[in-house]
Chemist: 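Below are the structure tokens for one structure; questions will follow.
Quick note on labels: first sequence line is chain A, next is B, and so on, each numbered from 1.
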Amino acid sequence: MPAMANEFPPLPERIHQAVLSNGLTVVGIEKPGFIRHYAQLTVFFGSASARRLAPEQGGAALPAGVAHFLEHKMFDKGDHDAADAFAARGADVNAYTTRTITNYYCSGTGYLQENVQDLVNFVLTPYFTAATVAKEQGIISQEIQMYRDDPDYAVQQTLWDHLFPDSVIAEDVAGSRQSIAGITPAMLLGAYRTFYRPNNMQLTVVGDFNFPALLSQLTMPAAAAAPGTVPASPAVTAPVLTTTPLLRTTGSLPEAWVGVRLPALPDPTRRLRVSLQLDLLLSGMLLESAPDFLRLYQSGLIDDSFLVDAELHSRFGTLTVGGKTSAPATLLKTLRQILTPAHARAVITPAAFTHLQRELIGRNISGFDHFGWLGAQAVDAADTRAEDRRLGYSIPQIAAIIAALRRSDVLDLADDLFDPARITGILVSPSAQEADA
Amino acid sequence: MVFSKMLRSGVRLTVVPSQKFKTVTATVNFIAPLQVATLTNRQLIANLWPVANAHYPTPRALTVALQDLYGASLRTGIDREGALSIATCQLQFLSDSVLPAGESILGRALALLQTICWQPLLDDQGYAAAFFTPERDNLAHELQSMTDSAENKAVLTAQAQYFQDAPEQAAVLAGTPATVAAATPQGLAAYWRTMAAHDEIEIVVTGAVSPDQVADLVAQWAVPARSAVTTPLQWQGTVPAPRRWQTPAAFQQSQYIAIYQLPVTYYGPSYFDYLVTDALFGGSANSLLFAAVREQAGLAYYAGTDFDAQTGATMLQAGIDPGTADQVRAIVKETLAQLAAGDFSPERLHSIQQELITNRLGEDDAQAAVNGRFVLAHRLPGADMTPAAFRTAVSAVTPAAIQACAGQYRLVVDYLQEGDARDGQ
């Protein structure tokens, strides 16, 4: 039996959170002895968020790619780049946009207070002009072309299109060259005032520091948007396209992929439990330690390109499984056979479940050494139904939650998820030849 | 306090105690001269470590052993460090200090690492086909799909030109189609015996451990003495005459690649001068090149350099719009001229120096980075620097030194892989 989480000595990390008067949630994770610090300011605005301005901003529709465009433009302050101040202290600063969030982050050694303050200052201070927006359209067009040249792009995009037909969820995070061509400074400002409200943000700081001291010195820039209601992200309505297309690509090897639409999980505590159960389920069924993975690998049906990727969010979730293969139709059929409740029961035996649980507890404790993992946990724990983005559960308690999970929980999840109506597949061929029968 | 001891000739143990990590990371490094003929074999051996083991004859058995160690993480791979090849087998597991009272897995974990490294599953035919064949096919697939990416295709073309007399540098770590096709179970087993007997061994353990306890445990490993590898880390081959050319490619973007030869050696006399110069030129998001190509001209999403003192070269890479290469070339030339003329602000130089110092200081928070640093430092005493000494060396680089370095950039490869600018839909 795995040691229960309450048998482990308490982790020394102290995790704090506070909600400031403007609604900004601040999370502090103390890491004694670490030299580097990390801070992220997460805006819960991504490419699959509401595609419309708030009523007081005019309510106009927004094009695909606007969240990502905004991320690029926030660094431009007219007479300087926001990165300059970080660079002067030897710190890194960068950002990325996903379907659900825009995450601005910095990392450095020393000057933690200054770096965190500058992170807050530049994200909470908009500056958009026609000339700089036009220049950014050129840079982002290059970025879009770069992604389009990635041989995996067309495959992954097709999977999203089948899982979420006619939904903004499926659209590319960066948009297209056409969609970003219509972006204007006024539109960016409207989007900023709609979504970059402090109560729609979470600031997470990780490092060897004193949380109360950090908070006492943290100030908010005057240009920050006012707190208020953020438009809700659209719900998924259209059913999954379960037909299996044959996609022609420029890649050199055939591929097969299965996609599963996972449920929307707005309650963060429920989302965490499902996420942990899914982790155990996939580890037992398809990850490198699973008997099925080894069987497929040794039979030559899959290679190192085989990928299992799951995302769980408040409004949607996905599981994608697949990779390069010499026999795409055979692999597709095999994956469909594996992703069934009956197969889960056969593979996740009581003994296997015990091993998987022990493994997941260990991996969770190891995660506390990794700042990026801690930052991701803070984002996952946010309750986007609430007025602010405070943590919905205690991160150090995750190990105890894993220890309390039962095999039956995991098998029940398989019953819920592996419904043929939620599953789609894609065959990928590098030439006009037919896939194997 | 770092503990370092030669256990036997050619076998060294280094222990870096630290209480701040939740895990212990133990790495066995196999070091040999880099040769194109052995690239594939070394990659295959690293890939077979996690699956073909005599003590755990099924991969499932080894998986369960790792799960029982609270999900110990096994990572294996090959690195190219100048003229050397380093095969690494690394086990990361929970520190005893975070386990329930009275429980210890340190001894079991280190014993497992030794078993994984030194007890491959071999029979009269060498590695069993059930394990060997999928790994060889996997490498073949990797090579076949390598040039599906515009960036990889351009980089490999440029490197093949620059290292035309050094195929071991031009090839990817998996080898070449010819070396993959030539690999056999018997040949691989024979190579493993050579590697096990002759590769120099560096074992590095970091985490909340007692050096004496680790030394006692590792001393029991049956690893015989061997000679030290005498091949210098620094690659010192010749490079061809400069060449400028372009080829069409069915990608949306164009890829511009320039490789410059630099008179620098890894931690040699002018190492820090070139380290700072190249970071200021293109090796940082705060570099002059990134600012000029992306921020000012808006010509590229990415433009930067990758400095490699171990081969004395830096590679410039930019993904650009078709038809704009000459503009980019002009900006690159102007940027180098700016550096050579000392036309850069003290503030930008200071930023670059601070960035390099921060990166070095931050390495101490990553156990894998600590391992890599000690492996190299033991071969190059000059590289064995404290953070304070590194800071001093970087801070001491003057504008005059940068001007001198910029004048030494010799363009050897100027390659354009011209895309066809289809629409971005």
Side-chain angles (χ1 to χ4, degrees), chain A residues 3 7-9 11 31-36 81 83-84 87-92 94 107-109 135-136 138-146 148-151 176-178 250-253 288-289 291 294 297-300 303-305 324 355-356 358-363 365-366 368-369, chain B residues 18-23 59-60 63-64 66-73 92-94 98-101 103 130-131 133-134 137-138 141-142 144-145 147-150 250-253 285-286 294-295 298 300-302 319-321 347 350-351 354-355 357-358 361-362 364-365 419 423-425:
Chain A
E7 296 171 6
F8 285 79
L11 297 176
K31 292 291 299 176
F34 277 72
I35 296 161
R36 193 175 272 276
D81 190 287
D84 294 347
R89 297 188 284 268
D92 296 326
N94 211 331
S107 178
T109 59
K135 189 185 76 180
E136 209 64 37
I139 292 171
I140 295 176
S141 290
Q142 285 295 334
E143 188 180 359
I144 290 170
Q145 283 189 312
M146 183 179 79
R148 301 290 201 272
D149 276 340
D150 181 341
S176 66
R177 297 179 88 176
Q178 285 75 12
T250 56
S252 52
L253 291 168
E288 286 189 25
S289 56
L294 299 166
Y297 192 82
Q298 289 197 311
S299 69
D303 63 15
D304 269 357
S305 67
K324 295 179 171 51
H355 290 303
L356 291 166
R358 189 175 171 95
E359 178 180 45
L360 190 56
I361 289 173
R363 295 255 162 110
I365 293 173
S366 303
F368 277 78
D369 280 348
Chain B
S18 170
Q19 298 300 316
K20 71 182 179 184
F21 297 112
K22 304 235 169 333
T23 55
R60 180 70 194 149
T63 292
V64 169
L66 292 168
Q67 288 175 329
D68 279 346
L69 293 173
Y70 292 100
S73 175
Q92 188 171 35
F93 48 94
L94 288 185
V98 302
L99 295 180
E103 188 168 357
F131 299 113
T133 305
D137 291 351
N138 186 55
H141 286 182
E142 185 183 323
Q144 198 178 340
S145 56
T147 51
D148 289 351
S149 147
F251 295 109
Q252 296 197 19
Q253 262 196 325
N286 194 36
R294 171 168 159 158
E295 302 301 335
Y301 172 66
Y302 171 77
I320 59 177
D321 260 338
E347 291 78 16
H350 177 74
S351 294
Q354 288 302 114
E355 180 183 338
I357 291 165
T358 296
L361 295 176
D364 286 344
D365 288 345
D423 187 73
Q425 279 298 297

Chemist: What residue, out of Glu288(A), Gln298(A), Lys135(A), has the most heavy-atom pairs lying under 4.5 Å from chain B?
Modeler: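 Most heavy-atom pairs under 4.5 Å with chain B: Gln298(A).
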
Chemist: Do the non-hydrogen side-chain atoms of Phe368(A) and Val98(B) ever get within less than 4.5 Å of each other?
Modeler: no

Chemist: Go through the atoms of Thr63(B) and report whether side chain, backbone, both or neither lie under 4.5 Å from a heavy atom of chain A.
Modeler: side chain

Chemist: Has Asp149(A) got a side-chain atom pairing as donor or acceptor with Gln252(B)'s backbone, closer than 3.5 angstrom?
Modeler: yes

Chemist: Quick one: what part of Leu361(B) sits under 4.5 Å from any heavy atom of chain A, side chain, backbone, both or neither?
Modeler: both

Chemist: Could you have a look at Ile35(A), Asp150(A), Leu11(A), Thr109(A) and say which one has the most heavy-atom pairs with chain B under 4.5 angstrom?
Modeler: Ile35(A)

Chemist: Within this structure, what is the CD-OG distance for the pair Gln178(A) and Ser141(A), rounded to the nearest 0.5 Å?
Modeler: 9.0 Å

Chemist: Contact part of Asn286(B) toward chain A, heavy-atom cut-off under 4.5 Å: side chain, backbone, both or neither?
Modeler: side chain

Chemist: Counting heavy-atom pairs under 4.5 Å to chain A, which of Leu66(B), Asp364(B), Thr358(B) comes out on top?
Modeler: Thr358(B)

Chemist: Taking Pro151(A), Ser107(A), Ser366(A), Ala91(A) one by one, which has the highest count of heavy-atom pairs under 4.5 Å against chain B?
Modeler: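 Winner by heavy-atom pair count: Pro151(A).
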
Chemist: Identify which of Met146(A), His355(A), Gln142(A), Arg36(A) forms the greatest number of heavy-atom pairs closer than 4.5 Å to chain B.
Modeler: Gln142(A)

Chemist: In terms of heavy-atom pairs under 4.5 Å with chain A, which of Ile357(B), Leu94(B), Asp137(B), Asp68(B) leads?
Modeler: Asp68(B)

Chemist: Can you say whether Gln144(B) sits under 4.5 Å from chain A via the side chain, the backbone, both, or neither, judging by heavy atoms?
Modeler: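 Both the backbone and the side chain of Gln144(B) come within 4.5 Å of chain A.
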
Chemist: A side-chain contact here means heavy atoms from C-beta on lying under 4.5 Å apart; do Gln67(B) and Arg358(A) qualify?
Modeler: no

Chemist: Is any side-chain heavy atom of Arg89(A) less than 4.5 Å from a side-chain heavy atom of Gln354(B)?
Modeler: no

Chemist: Let's test your reading of the structure: which of Gln92(B), His350(B), His141(B) forms the most heavy-atom pairs below 4.5 Å with chain A?
Modeler: His141(B)

Chemist: With sequence neighbours left out, what residues match Glu136(A) under side-chain contact (heavy atoms from CB on, under 4.5 Å)?
Modeler: Phe69(A), His72(A), Lys73(A), Ile139(A), Ile140(A), Arg294(B)

Chemist: Pick one of side chain, backbone, both or neither for Leu294(A), based on which atoms fall under 4.5 Å of a heavy atom in chain B.
Modeler: side chain

Chemist: Given heavy-atom pairs under 4.5 angstrom as the criterion, report whether the side chain, backbone, both or neither of Asp81(A) touches chain B.
Modeler: side chain

Chemist: Any salt bridge between Asp304(A) and Lys324(A), counting N to O under 4.0 Å?
Modeler: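 Salt bridge: no.
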
Chemist: With a 4.5 Å cut-off on heavy-atom pairs, point out which of Gly33(A), Gly300(A), Gly362(A), Ser252(A) contacts chain B the most.
Modeler: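 Looking at each of Gly33(A), Gly300(A), Gly362(A), Ser252(A) in turn, Ser252(A) comes out on top.
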
Chemist: Quick one: CZ on Phe251(B) to CG on Asp148(B), what's the gap to the nearest 0.5 Å?
Modeler: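 Nearest 0.5 Å value for the CZ-CG distance: 7.0 Å.
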
Chemist: Name the region of Ala83(A), side chain, backbone, both or neither, that has any atom closer than 4.5 Å to a heavy atom of chain B.
Modeler: neither

Chemist: Taking Asp365(B) first and then Lys20(B), would you say they form a salt bridge - that is, a charged N and a carboxylate O separated by under 4.0 Å?
Modeler: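 Judged by the 4.0 Å cut-off on N to carboxylate O distance, Asp365(B) and Lys20(B) do form a salt bridge.
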
Chemist: Identify which part of Ala285(B) has an atom lying under 4.5 Å from any heavy atom of chain A, answering side chain, backbone, both or neither.
Modeler: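 Neither the backbone nor the side chain of Ala285(B) comes within 4.5 Å of chain A.
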
Chemist: When rounded to the nearest 0.5 angstrom, what is the spacing between CD1 in Ile365(A) and CG in Leu99(B)?
Modeler: 7.5 Å

Chemist: When heavy-atom pairs shorter than 4.5 Å are enumerated against chain A, which of Leu69(B), Val64(B), Thr23(B), Asp321(B) gives the highest number?
Modeler: Asp321(B)

Chemist: Does Phe34(A) have its ring centroid less than 6.0 Å away from the ring centroid of Phe21(B)?
Modeler: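 Here the rings of Phe21(B) and Phe34(A) have centres that are less than 6.0 Å from each other.
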
Chemist: Quick check on the interface: out of Ala87(A), Gly138(A), Pro32(A), who has the most heavy-atom pairs with chain B under 4.5 Å?
Modeler: Ala87(A)

